[in-house]
Amino acid sequence: MARKVLTSGIALLALMALPILVAAVPRASAAEAPPPNWSDARDLDFAGRGFLATRKDPKITTADGRVVWNLSDFDFLKASPPATVNASLWRHSALLARHGLFQVADGVWQVRGFDIANATFIRGKTGWIVIDCLTTTETAKAALDLVNETLGPRKVVGLVYTHSHTDHFGGARALVSQADIDTGAVKVIAPAGFVEQAVSENVIAGAAMGRRAVYQFGLFLPKGAEGTVGSGIGQSVALGTQTLAPPNVTVDHTGQTVEVDGVRLEFQITPGTEAPAEMNVWLPDFRVLDLAENGNVSMHNVLTPRGALVRDARVWAEYLTQSLSLYGDKAQVMMTSHGWPRFGHAEVVDFIAKHRDAYKYLHDQSVRMMDEGLTGQEIADSIALPPSLASEWYNRGYYGSMSFNARAVYQRYMGWYDGNPSHLAAFPVKDEAARYVQAMGGAQKVKADMAAAVASGDLKWAAVLGDKLVMADSSDASARAALADVYVSLGEAQENALWRNMYLTGAQELRQGRPKTQGVNLALDLIKNTPSPMLMDLLAVRLNAGRAGEGHVAIDLGFTDRAEHYRLTVRHGVLVATDKALPGDGPADLALVMPRQALLMTTFTPVKLADLVKSGVVKATGDIEAYNRLVSWLDPFTSDFPIVTR
Ligand SMILES: [Zn+2]
C-alpha cells in the first residue's frame with residue numbers, strides 16, 4: 001500500500017512537472033476591458049432613489065468664509081458627455097455628483113455628495129446614530145443640518161467609524177462633544193486598532209503621499225470637461241477642519257453587537273482589506289448591510305497611485321464571502337461609505353458575489369501568471385475581467401483598475417524586482433533617458449518618431465518617447481509641449497478618474513511648472529493622538545545623513561504633559577530614540593524638560609529652542625547648541641518635488 005502511494009505520488013509529480021517542461025514561454029497579450037453595458041440603467045434608479053432634499057446654499061464654508069466644498073462645482077456633469085471625457089467616466093461622475101439627503105430604508109438615511117464620502121443617519125429612540133462623518137467638521141455640520149431641517153431636529157447619540165481613513169472620521173467634532181464621549185453619553189464605536197491606524201498611515205511617508213495625492217485627485221486641476229471630473233469614489237476632497245474624536249467603544253470580533261439608543265448594530269470585523277482597521281455593519285432592525293469601503297461603485301485600489309502599503313486582494317475577497325455567508329440571507333439593502341446603495345435582496349446577493357469575484361479573479365489570475373513567469377507589467381497588460389464581471393458597472397475601474405491592481409498583487413508577493421539581472425543596477429532615470437535619446441539618434445530624431453507615433457494614434461509609445469526627451473532635458477520646451485499634448489489625449493480617453501487626473505496634472509506641470517508648496521496643515525487632533533514613538537520615527541527619516549556626517553549629539557527629553565522620557569542620539573548618520581539611555585550611549589549633551597508640543601514646534605516650524613527656554617516653556621540643562629545642530633540636520637519635507645521632469 002505504502003509502495004503504491006509512493007508510486008502514485010511520483011506519477012503525480014511527473015504529471016505536474018510535464019506541463020511545466022512543455023509549456024511555452026507565456027506571452028503577454030494586451031487585454032482590453034469589455035465595453036460597458038449601457039443597457040443596464042439600474043444605477044440611475046439606485047443613485048436617485050429616496051431623494052428628499054439638498055442644501056440651498058451650495059457653498060459650505062469655514063467660520064471665516066473660506067469655501068470647503070461647493071455643491072455646484074460639478075453641475076457641469078448634467079450636460080451630455082463632451083469629446084474631452086470618456087463617456088463611461090462621465091456617466092459615473094454624474095451619478096456621484098448627485099447630492100443631498102436620501103432615504104435608504106425606513107429609519108435609515110444617507111447624506112451624499114457633501115464630501116468625497118457619505119454620512120449615514122439612523123433614527124434611534126431619541127437621537128441620531130451616525131455611521132461615518134465625512135472629512136471635515138464643516139461638511140459634517142452641513143450634513144447634520146440638512147438632516148435636522150428635513151427630518152426634525154435630534155441630537156447625535158452614537159457615532160460609528162467604519163475605518164481608519166480621514167474621510168470617515170475627520171468631521172467628528174462637529175457632531176459629538178468630548179464631554180459626552182468622556183461620560184459615555186455618546187457612544188463612539190470603532191474597529192480595533194482604529195486610532196493607531198488613523199494617525200499612522202500618513203505620518204512617515206506623508207510628504208511623498210501628499211505630493212502624489214495632488215496628481216491622484218487632480219487637486220490643482222480646474223473642475224470641468226477640460227479638467228477633473230471627479231475621483232471615482234466621490235468627487236473631490238473637502239479642504240476644511242479635520243478632527244479625531246477618539247472612540248469609547250472598540251469592536252474586536254465579528255458578531256459583536258452594540259445597542260445604541262434602541263438600535264442594534266452588529267459588526268463584521270475586516271482588518272487588512274481596504275484599510276488596516278475596518279469593519280462592516282449589519283443593522284438587523286432594518287435589514288440593511290453597510291459594507292463600509294469593502295463594497296464600492298467601482299473597483300477599488302489594492303494599491304493607491306498616491307502610494308500606500310499594498311493591500312491584500314485575497315483577504316478582501318474572503319471577507320466579502322464572509323459577508324455573503326453571514327448576511328446574504330437577510331439583507332434587503334446594501335449601502336457603503338461612498339456612492340449609492342443597492343436595493344432588494346437578490347440585488348444585494350448578486351452584488352456581493354460578483355464584487356467578490358472581481359477581487360478574487362484579480363488576485364488569482366495575477367498570481368497564476370506570476371507563477372508562469374510573467375512580470376507585473378506583463379500581467380497588467382494581459383489581465384481583464386471576463387464580460388460577466390466587467391459588464392457590472394461597479395466592477396469597472398473608475399477608482400482602482402485591473403492594470404494597476406495586478407501590479408499591486410505582484411508587488412505584494414514578489415516586490416519590485418522582476419528577476420532580470422539587467423535590472424539590478426539600472427541607471428537613474430535622467431541618465432538613462434539621455435543615453436536612450438542619444439542611442440536613438442538624438443533629440444530631433446526622437447521628436448520625429450514621437451510625432452509619427454502621435455499621427456498613427458500610438459499614444460502609449462509617443463508618451464514613452466516624450467518622457468525620454470523631457471527626462472533627458474527638462475529645458476526642451478518643444479518636447480515638454482509635445483508630451484503635455486500626449487498626456488492630455490491619454491487623460492481624456494481614460495475611464496479611470498484617477499488616471500485622468502494624473503495625466504492631466506502631468507500635462508499641467510509640463511506646461512506651467514510645479515505648484516508652490518502648500519503649508520503643512522497640522523490637524524491638531526491627529527497630532528495629539530499620534531504616539532511619540534511615531535513622531536520619533538518621523539524625525540529619524542528627516543535626518544539628512546550627508547549633512548550630519550559623523551556628527552554626534554545626545555539629548556535627554558522629558559515630556560511634562562505625557563510622563564514620557566526619551567534619549568535621542570545621532571551618530572553614524574542615524575537618529576535613534578529610546579525610552580532611556582542604553583549601554584554605550586554615554587552622557588547627554590543636553591537635557592530638556594518640556595511639553596511635547598515644544599519638540600514639534602522646534603522641529604517642524606521656525607521656532608527656536610532658545611526662545612522657548614527664555615520664555616520658560618522649556619527647561620534646559622547643558623549645551624543648547626547640540627539641539628541646534630540636530631535641527632540643522634533635519635530636512636524640511638516641502639512636498640513639491642518634480643515628478644514628470646528631472
Ligand atoms: Zn473613503
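First listed ligand is number 1; within each ligand, the first listed atom is number 1. Values below: all heavy atoms of this structure, side chains included; hydrogens, waters and symmetry mates excluded.
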With a 4.5 Å limit on heavy-atom distance, are the side chains of L151 and L101 in contact?
-> yes
Among the N/O/S atoms of E293, select the one at the shortest distance from the Zn ion (ligand 1) and name it.
-> OE1
Any donor-acceptor N or O pair under 3.5 Å, side chains E201, H165 | yes
May I have the angle between D167 OD2 and H168 NE2 with its vertex at the Zn ion (ligand 1), rounded to 10°?
-> 90°
Taking 2.8 Å as the cut-off, does an N/O/S atom of H163 lie below it from the Zn ion (ligand 1)?
-> no
Aromatic F51 / basic R98 pairing, under 6.0 angstrom, 45° off normal | no
Student check: side-chain heavy atoms of D106 and R123 closer than 4.5 Å | yes
